[in-house]
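Beneath this line is the structure, given in structure tokens, with notes to follow.
Just so it is clear: chains get the letters A, B, ... in the order the sequence lines come, proteins before strands, and each one is counted from 1.
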Number of protein chains: 2
Amino acid sequence: MRFRWKRESRMLSAVMEDYIKAIYAIRSDGQERVSTSALADYLDVTAPTVSSMLKKLEERGLVDREEYKGVTLTEEGELVALEILRHHRLLEAFLTERLDYDWADVHDEADRLEHHVSDELTDRIAEALGNPGVDPHGDPIPDADLSLPEPGDTIRLATVAEGEPVVVRRIRHQGDEELRYLADAGIRPGVELEVVDVAPFGMVTAEIPGGEQSLPEEIARLIEVVPAAEADELEA
Amino acid sequence: MRFRWKRESRMLSAVMEDYIKAIYAIRSDGQERVSTSALADYLDVTAPTVSSMLKKLEERGLVDREEYKGVTLTEEGELVALEILRHHRLLEAFLTERLDYDWADVHDEADRLEHHVSDELTDRIAEALGNPGVDPHGDPIPDADLSLPEPGDTIRLATVAEGEPVVVRRIRHQGDEELRYLADAGIRPGVELEVVDVAPFGMVTAEIPGGEQSLPEEIARLIEVVPAAEADELEA
DNA sequence: TGCAGGGTTTAGATAAGTCTAATTCGCGAA
DNA sequence: TTCGCGAATTAGACTTATCTAAACCCTGCA
């Protein structure tokens with residue numbers, strides 16, 4: 001069943017789409033209801049601005065709002081979020097695979113374009129790439145029906161035992177600096193590595209093809225991995 | 001010499017870019033000075049709207065304005081126009097060549113995206129395509145330094161003598177309908193054809209690979225061709 | 001139980017881009 | 001030379017998205 005005809009007739013402004021995306025992102029980070037101030041922080045605008053925008057989103061039926069408490073996405077709001085996510089992640093994948101972008105640099109370009117590519121173009125990109133299930137950071141890409149593939153089970157690199165070979169599956173991120181750091185370290189989805197040392201203050205040292213890398217704990221915590229054995233299984 | 005750093009620091013709104021593009025397009029159609037009403041027509045807004053926008057563009061140094069007379073692009077305005085043209089035409093070329101779009105359908109998608117692709121992305125697209133000199137309609141693409149390749153000499157199909165084989169070089173257009181018409185007729189840049197008949201009221205019948213096509217004169221006038229002999233020369 | 005402080009909302013202003021209605025300008029015809 | 005008409009501009013209002021300042025709500029601590 002497809003609801004694709006809806007989005008382009010919905011005609012949300014890019015700004016509104018950004019609010020929906022932000023609510024989705026913050027919500028995914030744990031909170032059930034998303035607060036005005038959390039959104040203000042995330043979007044770098046003032047609280048009154050958020051407050052008035054939330055009222056508009058409520059009128060449009062995209063969020064449920066409880067005064068002084070916060071908002072949640074309605075079913076329709078959820079679909080909008082998933083559509084933007086699909087655009088964003090497919091753009092990232094395309095830029096990386098077909099236009100030779102570094103996977104740590106695609107975020108900004110995708111952020112601007114995601115609001116302006118048609119669903120038609122998005123679908124063509126998906127097809128050209130063979131309908132990939134994940135983007136270059138390992139984040140799952142909603143399919144054309146907007147259902148989000150369940151990512152397989154992963155564990156955080158920070159919790160891996162020394163000596164166990166693992167394969168990087170996904171890099172969680174908000175800002176670009178962490179991605180840059182990891183890209184420079186040669187750590188990206190698909191890379192096999194092995195923790196060789198965990199220092200007292202959380203510095204994790206891992207062996208990767210081509211050398212060793214030391215990572216601060218807060219960076220290591222962004223890396224999701226699976227045991228190498230398990231990864232091999234999936235290849236086959 | 002490159003001036004590329006300028007555009008993205010100029011930070012024009014998409015709307016302003018559309019006005020610049022419109023002035024460029026109307027100017028290319030003959031007029032030296034572009035009138036308020038011509039712009040209002042072209043952009044489908046009212047004259048007062050254009051008037052106030054032209055004042056802003058003048059303040060930004062993008063147009064020279066003579067009250068009650070019209071505007072011309074300044075040197076900087078010209079560069080903006082060429083940058084947008086480069087974005088637009090490379091996008092069209094890319095969508096057609098790499099994402100299997102029909103060359104008659106790419107216009108709208110490119111119109112939306114041209115304001116949001118970075119120069120970086122534009123350059124990567126150009127490189128991926130081998131720095132093409134023309135877009136799918138045969139329109140010249142400004143290079144990275146924003147100089148516009150001189151298109152070779154062409155003649156209008158409407159003026160071609162019966163029996164002379166020619167090759168289509170370029171399709172001039174404003175709306176999409178003519179492009180659709182020609183695409184459906186199988187006439188596009190690169191196709192070889194021969195005029196077999198010109199009827200009293202300007203209906204032009206041409207033989208193309210795969211059959212014959214009759215075209216109204218106003219459509220035939222949009223088609224620029226070169227003698228087949230000349231075209232072969234350039235291939236070699 | 002009440003109040004202080006922090007988060008939220010309301011009120012009112014601003015900037016961009018658009019509109020309609022009213023005014024002004026410029027130029028060709030009488 | 002002047003009149004009148006069409007084109008251009010000015011005036012003022014509306015919408016979207018933003019801000020600051022002020023008022024309001026809620027809750028945890030005394």
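Looking at R188(A), its side chain never comes within 3.5 Å of a backbone N or O of R170(A) through a donor-acceptor pair. In this structure a side-chain-to-backbone donor-acceptor pair under 3.5 Å is present from R86(B) to P142(B).
In this structure, the ring of H107(B) has its center less than 6.0 angstrom from the ring center of H88(B).
Interface limits on DNA chain D: the 5'-most and 3'-most nucleotides within less than 4.0 Å of chain A heavy atoms are dA17(D) to dT27(D).
In this view, T72(B) satisfies the side-chain hydrogen bond (donor to acceptor under 3.5 Å, both in side chains) rule with no residue, not counting sequence neighbours.
Under a cut-off of 6.0 angstrom, the local environment of CZ in R124(A) is crowded, with over 12 non-hydrogen atoms contributed by other residues, nucleotides or ligands.
Contacts classified as ring pair (Phe, Tyr, Trp, His ring centres under 6.0 Å) and involving residues 117-150 of chain B (residues at least two apart or in different chains) are given here: W103(B)-H137(B), H137(B)-H173(B).
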Ignoring hydrogens and angles, write down the donor-acceptor pairs under 3.5 Å from the side chains of residues 46-53 of chain A, residues two or more places apart or on other chains.
from	atom 1	to	atom 2	distance (Å)
T46(A)	OG1	T49(A)	OG1	2.9
S52(A)	OG	T49(A)	O	3.2

Side-chain donor-acceptor distances from residues 37-45 of chain B under 3.5 Å, at least two apart:
from	atom 1	to	atom 2	distance (Å)
S37(B)	OG	S35(B)	OG	3.4

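Among the atoms of the strands shown, base atoms are found under 4.0 Å from some heavy atom of T46(B).
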What are the atom names and distances for every N/O pair under 3.5 Å that joins the protein to nucleotides 10-17 of chain C?
from	atom 1	to	atom 2	distance (Å)
dT10(C)	OP2	K55(A)	NZ	2.5
dG17(C)	OP1	S13(B)	OG	2.6

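Atom pair K69(A):NZ and dT9(C):P shows a separation of 11 Å (rounding to whole Å applied).
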